[in-house]
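Take a look at this one; I'll ask things after.
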Amino acid sequence: MSLKEQYPITLYNTLTKSKEKFEPIHPDRVGMYVCGPTVYSDVHLGNVRTFMSFDMIYRYLLYIGYKVRYVRNITDVGHLENDADEGEDKIAKKARLEQLEPMEIVQHYTNGFHDVLKQFNLLPPSIEPSATGHIMEQIEMVQDLLDKGLAYEVNGSVYFDVTKYDEKHSYGKLSGRKIEEMMESGRMLDSQDEKRNKIDFAIWKKASPSHIMRWNSPWGEGFPGWHLECTVMSTKYLGETFDIHGGGMDLLFPHHECEIAQSVASTGKDPVKYWLHTNMLTVNGQKMSKSLGNSFLPQELFAGEHELLDRGYSAMVVRFFNLQSHYSSTLDFSNEALTAAEKGYKRLMEGYRIATGLSYQAGTVDTEFEAKIKQNIGELFENMSDDFNSAKTLAVLFELTTTMNNFKAGNNQVGQLSEATFNELIKHYTGFITDVLGLKEEQEGNQQLVSGVVEMLIKLRNDAKAAKNYALTDKIRDDLKALGVSLKDGKEGTEYTID
RNA sequence: GGCGCUGUGGCCGAGUGGCUAGGCAGAGGUCUGCAAAACCUUCUACAGCGGUUCGAAUCCGCUCAGCGCCUCCA
């Protein structure tokens, strides 16, 4: 029995508002689409949280044996600025400000995005399509929606006719909205006179003369609407229906709602089986966002150069911090929480280091101990299969970390486990830390040289200690400590860790 | 105004009907020349009120507090 059969996944589907058993459309294969960034500015830490959460999900699917096609787009056309009628494209606007080619902007921020994700140890997706690379397909879909009578053209712009769509289908089922209510309440912006109804949305927008990102289309020069690129690219690479569509909660409405409408209107099929939404990173209980001014960039985080930060924190500490909460809960940022996470992360990685250094030696098997370890291994999978509960998984990993420490301290012997169980323990304990949760050791510099020098100093210190020259002994330890190298005297000799 | 979410011990955060995660911090102990680490033990919870139930942090209702979406946003 394969792992994915042994530990079937259940996940919370935003569409049905309930936890469901995960059954991919094609056995063994999973198609997953996640809305990527709009590359007109640097991604901040809140953005990163979502991508980190889906990276963890992607990694777990792979770990238990699924073949996954993971598509995460780059939105490089830019979304419409505030009022649709302004016809302002964020990337075009930025380009004019900075006197650069639009694609230069796009490339710059795409590179930055990739650099950031690499530092947080995210796996690259299988396909990373860009909106500008799929203009033809978007034009085709606009035409298709016009042909089907569910869109209309006004002055070179094309709008999706939500009211008409809702006659046969139901608009708003993902976000729990009803169009009658949306029609009467909410803000009506007077300038949206091109639209027949205020809830209609643009799928193609005419470019104003000053608009530099533009393409030819049957309706004149323009650019595609915001929601269209995800529909087009997910359909192209994953098919008309696919398994998982993810994104941040703030995309639920209108973005994902519109995606459903576009797909259903075009293909007649519901595009997505399971909708997954990650929750927001908050600061003092408020969503981290650029407009609120409470966001900061990963670089600022690492360097500790931001008024919200007491000091710098590493990428892996933040990744660990993120994994301590469930992806669907808000996570509140604070210096205290990050400091606590840093210590926890170090403790876990010390356990990882011990695990990689252990080798099996036969002994007397302790059946009770053996049973407990087997149970813990099972819990790793059960917790991750339960809606990707990384927080519970970490709790089990910490229990196993205590076991690792006990092996090291000699409180337990590896021989108390059967060889098979020992091997499973090491395989999955380290596998969950690195492959599933994506945590890794952070060490910089010339490790060989550093370890050689430190080992030499430890030897000198031990000589001094044997001679009871404690003044020198302590001086070596204190001076190393000042450089970030901590010495720990144990029964088996002195060990060191680098902060 | 509409739709939805949250409120857990000093802090962060799991948990969804009985078996009281975990991390950080605190207390005591073991080890140690001292220290650190590690190990063992240990303290402090479920916003308030009412209801359902043999039994609720967990289900239902109300109240209070906070948040998200409805406009670009992960």
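Throughout, protein chains are lettered first and strands after them, A, B, ... in sequence-line order, and every chain is numbered starting at 1.
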Nearest-angstrom distance from the residue atom CZ of A/Arg353 to C1' of B/A38: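 Whole-Å distance recorded here is 14 Å.
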
Have A/Ser486 and A/Lys481 got a donor and an acceptor in their side chains that come within less than 3.5 Å? yes

Nearest-angstrom distance from the residue atom CD1 of A/Ile458 to P of B/A35: 20 Å

Establish, yes or no, whether the cationic atom of A/Arg72 lies under 6.0 Å from the six-membered ring centre of A/Phe54 and within 45° of the ring axis. no

Which part of the nucleic acid does A/Ser175 contact within heavy-atom distance under 4.0 Å: base, sugar-phosphate only, or nothing?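 The residue A/Ser175 makes sugar-phosphate contact but no base contact.
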
Between B/A35 (P) and A/Glu495 (CD): distance, integer Å: 20 Å

With C1' as the reference atom in both, quote the distance from B/C59 to B/C11 in angstrom, rounded to an integer. 30 Å

Without decimals, in angstroms, what is the distance between A/Glu180 CD and B/C3 P? 12 Å

State whether A/Lys465 places a side-chain N or O below 4.0 Å from either non-bridging phosphate oxygen (OP1 or OP2) of B/C34.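 Indeed not, no polar side-chain atom of A/Lys465 lies that close.
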
Sugar-phosphate, base or nothing in reach of A/Gly46, heavy atoms under 4.0 Å: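 Here A/Gly46 touches the bases of the nucleic acid.
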
Partner set under salt bridge (charged side-chain N to carboxylate O under 4.0 Å, His left out) for A/Lys372, not counting sequence neighbours: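 A/Lys372 satisfies salt bridge (charged side-chain N to carboxylate O under 4.0 Å, His left out) with A/Glu399 once adjacent residues are dropped.
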
Let's test this: given Watson-Crick or G-U wobble pairing with both distances under 3.5 Å, identify the partner of B/G68. B/C3

Can you say whether the rings of A/Phe51 and A/Phe113 are parallel (under 30°), tilted (30 to 60°) or perpendicular (over 60°)?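 Rings of A/Phe51 and A/Phe113: perpendicular, as their planes differ by over 60°.
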
If you measure from the P atom in B/U41 to the same atom in B/G13, how many Å do you get, rounded? 27 Å

Partner of B/A35 by Watson-Crick or G-U wobble geometry, both contacts under 3.5 Å, or none?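 The base-pairing partner of B/A35, which may sit in any strand shown, does not exist here.
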
If a protein heavy atom is under 4.0 Å from the base, mark B; if only from the sugar-phosphate, S; if neither, -; do that for nucleotides 11-26 of chain B going 5' to 3'. -SSSS-----BBSSS-

Is there aromatic stacking of A/Phe51 on B/A74 here, judged by a ring-centre distance under 5.5 Å and a plane angle under 30°?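 No, A/Phe51 does not stack on the base of B/A74.
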
Report yes if a donor N or O on one partner sits less than 3.5 Å from an acceptor N or O on the other, where the partners are the side chain of A/Arg477 and the base of B/A36; otherwise report no. no

Considering every strand and a 4.0 Å limit on heavy-atom distances, what is the contact class for A/Asn405: base, sugar-phosphate, or nothing? sugar-phosphate

Opposite nucleotide pairing with B/C49, Watson-Crick or G-U, both atom distances under 3.5 Å: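 Across all strands, the one nucleotide that pairs with B/C49 is B/G61.
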
With distance as the sole criterion, do the side chain of A/Asp474 and the base of B/G33 form a donor-acceptor contact below 3.5 Å?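 Counting by modelled atom types and ignoring angles, a donor-acceptor contact under 3.5 Å is found here.
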
A/Thr494 side chain to A/Arg477 side chain, donor-acceptor N/O pair below 3.5 angstrom: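 The criterion, which ignores hydrogens and geometry beyond distance, is not satisfied for A/Arg477 and A/Thr494.
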
Under 3.5 Å, is there an N or O donor on one side and an acceptor on the other linking the side chain of A/Asp489 and the base of B/C34? yes

Need one value for A/Met249: base, sugar-phosphate or nothing, where a base atom within 4.0 Å counts as base even if backbone is also close, heavy atoms only. nothing

For nucleotides B/C43 and B/A35, find the distance between their C1' atoms and express it as a whole number of Å. 26 Å

In whole angstrom, give the distance that lies between atom CD of A/Glu229 and atom P of B/C72.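 The distance from CD of A/Glu229 to P of B/C72 comes to 13 Å, rounded to the nearest Å.
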
Check for a donor-acceptor pair, side chain of A/Arg461 on one end and backbone N or O of A/Thr473 on the other, with a separation under 3.5 Å. yes

What do the steps show when you test A/Leu15 against A/Tyr274 for side chain to side chain contact (heavy atoms under 4.5 Å, CB included), and what is the final call? CA-CA 7 Å; A/Leu15 187 62; A/Tyr274 307 99; over 6 Å; no

Nucleotide paired to B/U42 in any strand shown, Watson-Crick or G-U, under 3.5 Å: B/G26

Can you check the A/Asn462 CG to B/G33 P distance for me, whole Å?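 Those two atoms, CG and P, are 12 Å apart.
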
Where does the angle between the aromatic ring planes of A/Phe369 and A/Phe407 fall among parallel (under 30°), tilted (30 to 60°) and perpendicular (over 60°)? perpendicular

From the candidates B/A37, B/G33, B/C39, the one with an atom nearest any side-chain atom of A/Asn411 is B/C39

Determine: side-chain N/O of A/Asn47 to OP1/OP2 of B/A74, distance under 4.0 Å, yes or no. yes

So, the side chain of A/Asn279 versus the backbone of A/Tyr327: is there a donor-acceptor pair under 3.5 Å, distance only? no

Assuming nearest nucleotide by heavy-atom distance, tell me which of A/Ser291 and A/Leu487 is located more 5' along RNA chain B. A/Leu487

